[in-house]
There are 2 protein chains.
Amino acid sequence: MDIGGRLRAVREARSLSQRDLAGRAGLTGAAISLIEQNKSSPSVSSLKALLDAIPMTMSEFFSEVEEAGEPKYFYGSDEFVELSPQEVGLGVGASRVSLRQLGDAARHSLQVLHESYPPGADTGPDHLSHDGEEAGVVIEGIIEVTVADQVRVLNPGDGYLFDSRLPHRFRNIGESRCVIVSACTPPSF
Amino acid sequence: MDIGGRLRAVREARSLSQRDLAGRAGLTGAAISLIEQNKSSPSVSSLKALLDAIPMTMSEFFSEVEEAGEPKYFYGSDEFVELSPQEVGLGVGASRVSLRQLGDAARHSLQVLHESYPPGADTGPDHLSHDGEEAGVVIEGIIEVTVADQVRVLNPGDGYLFDSRLPHRFRNIGESRCVIVSACTPPSF
DNA sequence: GCTTTCCGTTAAATATATTTGACAGACTTG
DNA sequence: CAAGTCTGTCAAATATATTTAACGGAAAGC
């Protein structure tokens, strides 16, 4: 994130000197100099003051910053983001469940997870529901899945597919870990 | 600009404690407490770290400041529908690729495939593109994936995620079969 | 009842952002 | 050329963000 370069670009695009902009924003030229060289990371309040003086909104500023760079298509297994069970609305019984998310779901309409359930793991009966659909394939181990009023034990190669608004629950009733690759749309915790 | 309130909202929406989020972002719970009370204005770099851990982009953050019987949820591995390669728009090189679809995609907004590529399999360079996004996780073997102008070899545990309108190609360059679980949205074949 | 653990908050210590004040280079004006 | 006035940068002083270490309250287990 080249905040400094971006600030310099928008300032120069308006033919303002560092001291000009500083005066309008209630800061000093030196501060802007350091920020533009990325020698200091401005506080949000300082950046807001600078953008108000331009004027430009924060989201405009960052949407241009964040659009820069190559799009990312590939993810090494070490780049998957580990989600905490609480984040997905799971209870304490799910404490040891590993949910590893492929990519940055907030930017996409598709969320894929690589999940691992240790023996005995249970997402609990009160799994929060949300819009969209979710589906998955069991890769390893066995798992008991409950959706609405239906229960079934899935083996490797089996899968599930349902509307996320239905209450659902996952329990590893086997003696070894259960690995699942799942997908949700739209991404919604 | 109620940065604190907004941060608290997105944090609580994910059921993360201040310390949880702090740990992932490399900060401390106390800092988040002060920020959420608007008693301190985080530096841009700190806020970026917090949002990366959520995950959420800066512009997203600021833009918000600113019956046919019983429904079927479960599918045994023998119930997956084998799609013919032509059906997916693949050429002759893909003749031995196995694409097994979970459920009836036409009725859902999510399509999940259990795919198997024998050694040497190649979807060809002219893979048809369509709307939506697609993503997947490699379960077994290795595969070379090309998306637009990027190429990468993926190993078990690695994944991909891209806009389906981009031209893409899969080639098994290993010596054993490659198994992938993939997801597309919306289903479009 | 009693721990134990997790939550959020706070005070003082430390790290960092920002200001003050000064410097050198570029351009104008006399 | 010299005196003015811009520009951007830097060093030291100051203000603020962040950490460390502690506190009280709420919930769970004994």
Side-chain angles (χ1 to χ4, degrees), chain A residues 1-54 58 61-62 65 82-97 120-126 128, chain B residues 1-54 58 61-62 65:
Chain A
M1 288 255 291
D2 179 22
I3 298 293
R6 170 105 181 95
L7 178 60
R8 174 159 291 174
V10 300
R11 177 178 61 80
E12 290 181 341
R14 286 163 182 73
S15 304
L16 291 170
S17 72
Q18 291 178 339
R19 284 181 170 88
D20 278 347
L21 178 58
R24 300 188 190 194
L27 300 195
T28 65
I32 295 180
S33 175
L34 296 172
I35 291 168
E36 288 186 349
Q37 298 169 82
N38 288 317
K39 288 184 178 175
S40 86
S41 175
S43 69
V44 168
S45 55
S46 296
L47 181 60
K48 179 64 162 57
L50 290 170
L51 295 183
D52 282 347
I54 294 241
M58 296 287 262
F61 182 83
F62 284 108
V65 172
E82 180 78 37
L83 302 181
S84 73
Q86 296 89 335
E87 197 167 349
V88 197
L90 303 184
V92 274
S95 54
R96 286 159 60 238
V97 175
D122 185 352
T123 61
D126 52 353
L128 289 179
Chain B
M1 287 258 290
D2 180 20
I3 298 293
R6 171 105 179 88
L7 177 62
R8 174 160 293 177
V10 299
R11 177 179 63 78
E12 290 181 342
R14 286 161 181 75
S15 304
L16 290 170
S17 72
Q18 292 178 337
R19 285 180 172 89
D20 279 346
L21 179 58
R24 297 187 185 199
L27 300 196
T28 64
I32 295 180
S33 175
L34 295 171
I35 292 168
E36 288 186 348
Q37 299 169 83
N38 288 317
K39 289 185 177 175
S40 87
S41 175
S43 70
V44 168
S45 56
S46 297
L47 182 60
K48 179 66 164 53
L50 290 169
L51 296 184
D52 282 346
I54 287 211
M58 296 287 262
F61 182 83
F62 285 109
V65 174

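Chain identifiers are assigned alphabetically (A, B, ...) following the order of the sequence lines, protein sequences preceding nucleic acid strands; residue numbering begins at 1 within each chain. Keep in mind the model is a prediction, meaning the values are calculated, not measured.
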Pairs flagged by salt bridge (Lys or Arg N to Asp or Glu O under 4.0 Å) wherever residues 16-37 of chain A is involved - sequence neighbours left out: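 Qualifying pairs: A:Arg8-A:Glu36, A:Arg11-A:Glu36.
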Taking salt bridge (Lys or Arg N to Asp or Glu O under 4.0 Å) as the cut-off, I'd like each qualifying pair that reaches into residues 38-47 of chain A, sequence neighbours left out, listed once.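 Residue pairs passing salt bridge (Lys or Arg N to Asp or Glu O under 4.0 Å), neighbours aside: none found.
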Please report the distance, rounded to the nearest Å, between [atom1] in [X] and [atom2] in [N].
X	N	atom1	atom2	result
B:Ile3	D:dT18	CD1	P	12 Å
B:Leu16	C:dC6	CG	P	15 Å
B:Leu21	C:dC6	CG	C1'	16 Å

With 3.5 Å as the limit, what N/O pairs link the protein to nucleotides 15-22 of chain C?
{"unit_1": "C:dA17", "atom_1": "OP1", "unit_2": "A:Ser41", "atom_2": "N", "d": "3.2"}
{"unit_1": "C:dT18", "atom_1": "OP1", "unit_2": "A:Ser43", "atom_2": "N", "d": "3.2"}
{"unit_1": "C:dT18", "atom_1": "OP1", "unit_2": "A:Ser43", "atom_2": "OG", "d": "3.4"}
{"unit_1": "C:dT18", "atom_1": "OP1", "unit_2": "A:Ser46", "atom_2": "OG", "d": "2.4"}
{"unit_1": "C:dT19", "atom_1": "OP2", "unit_2": "A:Thr28", "atom_2": "N", "d": "3.0"}
{"unit_1": "C:dT19", "atom_1": "OP2", "unit_2": "A:Thr28", "atom_2": "OG1", "d": "2.7"}
{"unit_1": "C:dA22", "atom_1": "N6", "unit_2": "A:Arg19", "atom_2": "NH2", "d": "3.4"}

At under 4.0 Å, does any side-chain N or O of [X] touch on OP1 or OP2 of [N]?
X	N	result
B:Arg11	C:dG8	yes
B:Gln37	C:dG8	no
A:Gln18	D:dT7	no

Test side-chain hydrogen bond (donor to acceptor under 3.5 Å, both in side chains) applied to B:Ser46 - qualifying residues, sequence neighbours left out: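 Counting only residues at least two positions away or on another chain, B:Ser46 forms a side-chain hydrogen bond (donor to acceptor under 3.5 Å, both in side chains) with B:Ser43.
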Inter-residue atom distance B:Gln18.CD - B:Leu27.CG, 0.5 Å rounding: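 Answer for the CD-CG pair, B:Gln18 versus B:Leu27, is 12.0 Å.
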Nearest-0.5 Å distance that lies between atom CG in A:Leu50 and atom CG in A:Leu7: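 Between A:Leu50 CG and A:Leu7 CG, I get 6.0 Å after rounding to 0.5 Å.
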Output all residues satisfying side chain to side chain contact (heavy atoms under 4.5 Å, CB included) with A:Asp52, sequence neighbours left out; order by chain, then residue number.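 Residues passing side chain to side chain contact (heavy atoms under 4.5 Å, CB included) with A:Asp52: A:Lys48.
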Students often get this wrong, so: under 4.0 angstrom with heavy atoms, is A:Ser33 touching a base, only sugar-phosphate, or nothing?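 Base contact.
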